[in-house]
2 protein chains.
Amino acid sequence: MVDRSTQARPVGRKDARRNYERLLTTARTAFAEHGVGASLNDIARTAGVGNVTLYRHFPTRQALLEALLGESLRGLKARSDELLASPSPHQALATWLTAAVEHAMAYRGLVDALVESLADPTSELHATCQAVKAAGAQLLTRAQHTGTIRPDIDASALFSLIASVAWAAERSPAHRDQLLAVMFDGLHRRVDERA
Amino acid sequence: MVDRSTQARPVGRKDARRNYERLLTTARTAFAEHGVGASLNDIARTAGVGNVTLYRHFPTRQALLEALLGESLRGLKARSDELLASPSPHQALATWLTAAVEHAMAYRGLVDALVESLADPTSELHATCQAVKAAGAQLLTRAQHTGTIRPDIDASALFSLIASVAWAAERSPAHRDQLLAVMFDGLHRRVDERA
DNA sequence: ACCTGAACACCGTTCAAGT
DNA sequence: ACCTGAACACCGTTCAAGT
């Protein structure tokens, strides 16, 4: 697997490295303020850089997002590894789902970009999202094996569920915990349905 | 309450009525093909009408959506009234939720517009969405009174749930039934939690 | 009363031309 | 090797001017 984020970070001319860093910090602020749909020309302008410089460093909006969030998103994989060692598979999944929804809400509109990139192998965010999905898969199957989680859900359905909760919670933050609770209870294998 | 859809339909000059109808049928096709984000200038052009004519009849994109979908969305209220007479409050809610999700998926991107309009009292779709929400509230409280549905959910949380499932199902249609099942099971009051 | 074409300020993307 | 300003084709919205 290619690590695009390292590949993209310039190592040549000093002004190239400086522009790259300026674009990242400016984009972070712009996304935080206007959501991931923030104007790219505007980001370049604010960074004091020609717009083509932005497009050279980050060919797509998703490349910019990967550079900003890749590390934090890959942290969900580490978190999943930790939780695999915890005593309750059921509780471990619940904890991780909450963290995943949190990560997907880092910027307004982010969750759309994440879902899009998972479906698009050419996206710079694709590998990152697949790693998140794989991290969830580990915890999911462990919990399914103990019989507390419904067996008809796979990793990609779980990703959809995380995304749907993040999407709705972004629009009505007051309902976030309820949405999480409904999702997680819905994942629970019902007592009266056990074999 | 003002019925904006009737108010907007022109009754004066013949060309005005004709343009109005042309815009509606053109918009229906455009939304079906490109989602609710379809270009409005393009719709006007295809309808053979000046773009300002479109904006006079439909000041906002939501006005256009209301004209196209208002009747069908208000049908969810009628459906709710019917279902209130059915023997199983629990099953009635399940049936209605499925129908509501279906309606929210009429066009790509529609669910975003619906959620937006519910939060914005000035939107032409606002009253329509509130009617949908109220329709769900009836079935929800009836089912809650019989004790099969968790009591910590209100009508607006239910609307969020419907929207979140519609949003996710639009992006991965294969998971639609699973998403619905998880949501509805999550709404179920658990056997081991009953008083 | 209702219409239209043209203008405006944006957007993402790509161009030719620099140093 | 890396940069920039200007152009391009769009977008939604609004203008002045028609019949």
Side-chain angles (χ1 to χ4, degrees), chain A residues 7-24 26-27 30-31 33-68 107-109 112-113 116-117 120 122-125, chain B residues 7-24 26-27 30-31 33-68 107-109 112-113 116-117 120 122-125:
Chain A
Q7 206 179 34
R9 180 163 261 120
V11 289
R13 266 165 51 169
K14 193 173 181 178
D15 55 347
R17 288 202 306 275
R18 195 203 51 194
N19 285 341
Y20 180 92
E21 297 302 334
R22 276 194 187 170
L23 284 166
L24 273 191
T26 308
F31 287 166
E33 189 164 358
H34 304 108
V36 300
S39 160
L40 297 182
N41 277 348
D42 211 44
I43 290 172
R45 198 161 32 242
T46 306
V49 150
N51 53 0
V52 184
T53 298
L54 184 150
Y55 285 103
R56 192 169 347 91
H57 286 307
F58 309 103
T60 68
R61 196 179 290 274
Q62 307 225 339
L64 202 40
L65 287 170
E66 208 287 330
L68 285 175
Y107 299 124
R108 210 156 9 103
D112 298 77
E116 217 175 285
S117 76
D120 174 16
T122 70
S123 164
E124 292 86 352
L125 258 173
Chain B
Q7 205 178 34
R9 180 163 260 122
V11 289
R13 267 166 47 169
K14 194 173 180 178
D15 56 346
R17 287 201 307 276
R18 194 203 51 192
N19 285 342
Y20 180 92
E21 298 301 334
R22 276 193 187 170
L23 283 166
L24 274 190
T26 307
F31 287 166
E33 190 164 357
H34 304 110
V36 300
S39 160
L40 296 181
N41 278 348
D42 211 44
I43 290 171
R45 198 160 33 239
T46 307
V49 151
N51 52 0
V52 183
T53 298
L54 184 150
Y55 286 103
R56 194 169 345 90
H57 286 307
F58 310 103
T60 68
R61 197 179 289 274
Q62 307 225 339
L64 202 39
L65 286 170
E66 209 289 329
L68 285 175
Y107 299 124
R108 208 154 13 100
D112 298 76
E116 217 176 285
S117 76
D120 174 16
T122 70
S123 164
E124 293 86 351
L125 258 173

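Throughout, a chain's letter reflects where its sequence line sits, starting with A, and its residues are numbered from 1. Since the structure is predicted, the reported quantities are computational estimates derived from the model, not experimental observations.
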note = Expected string for nucleotides 6-19 of chain C under the B/S/- scheme (protein heavy atoms, under 4.0 Å, primed atoms plus P, OP1, OP2 as sugar-phosphate) is B----SBBBB----

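Annotation for A:H57 and A:P59: closest pair O-CD, 3.7 Å, computed over non-hydrogen atoms.
In this structure B:R45 satisfies the side chain to side chain donor-acceptor pair (under 3.5 Å) test together with B:D42, sequence neighbours excluded. Residues satisfying the side chain to side chain donor-acceptor pair (under 3.5 Å) criterion with B:S39, sequence neighbours excluded, are absent altogether. In this structure, the side chain to side chain contact (heavy atoms under 4.5 Å, CB included) partners of B:R108, at least two apart in sequence or on a different chain, are B:E170. Under the rule for a salt bridge (Lys or Arg N to Asp or Glu O under 4.0 Å), the partners of A:E21 that lie at least two apart in sequence or sit in another chain are A:R9.
With both ends at atom P, the span from D:dC2 to C:dA17 equals 22 Å, rounded to whole Å.
Test B:L65, B:L68, B:I43, B:L64 against B:F58 for side chain to side chain contact (heavy atoms under 4.5 Å, CB included) and you get one pass: B:L64. Put simply, the residue from A:R61, A:E66, A:Q62, A:E116 that forms a side chain to side chain contact (heavy atoms under 4.5 Å, CB included) with A:S123 is A:Q62.
Checking the phosphate oxygens (OP1, OP2) of C:dC2, no side-chain nitrogen or oxygen of B:R56 falls inside 4.0 Å. For the OP1/OP2 pair of C:dC3 and a distance below 4.0 Å, the side-chain nitrogens and oxygens of B:H57 include at least one atom meeting the criterion.
In this structure, CZ of B:R22 is placed 17 Å from P of C:dC2, rounded to the nearest angstrom. When the C1' atom of C:dA1 is taken as reference, atom CZ of B:R17 falls 13 Å away, rounded to whole Å.
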query = Dot-bracket for DNA chain D, 5' to 3', with Watson-Crick and G-U pairs under 3.5 Å, [ ] for crossing pairs and | for other-strand pairs: what is it?
reply = ||.|||||...|||||.||

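Side-chain contact of A:E124 with A:T60: a donor-acceptor pair under 3.5 Å is present, judged by distance alone.
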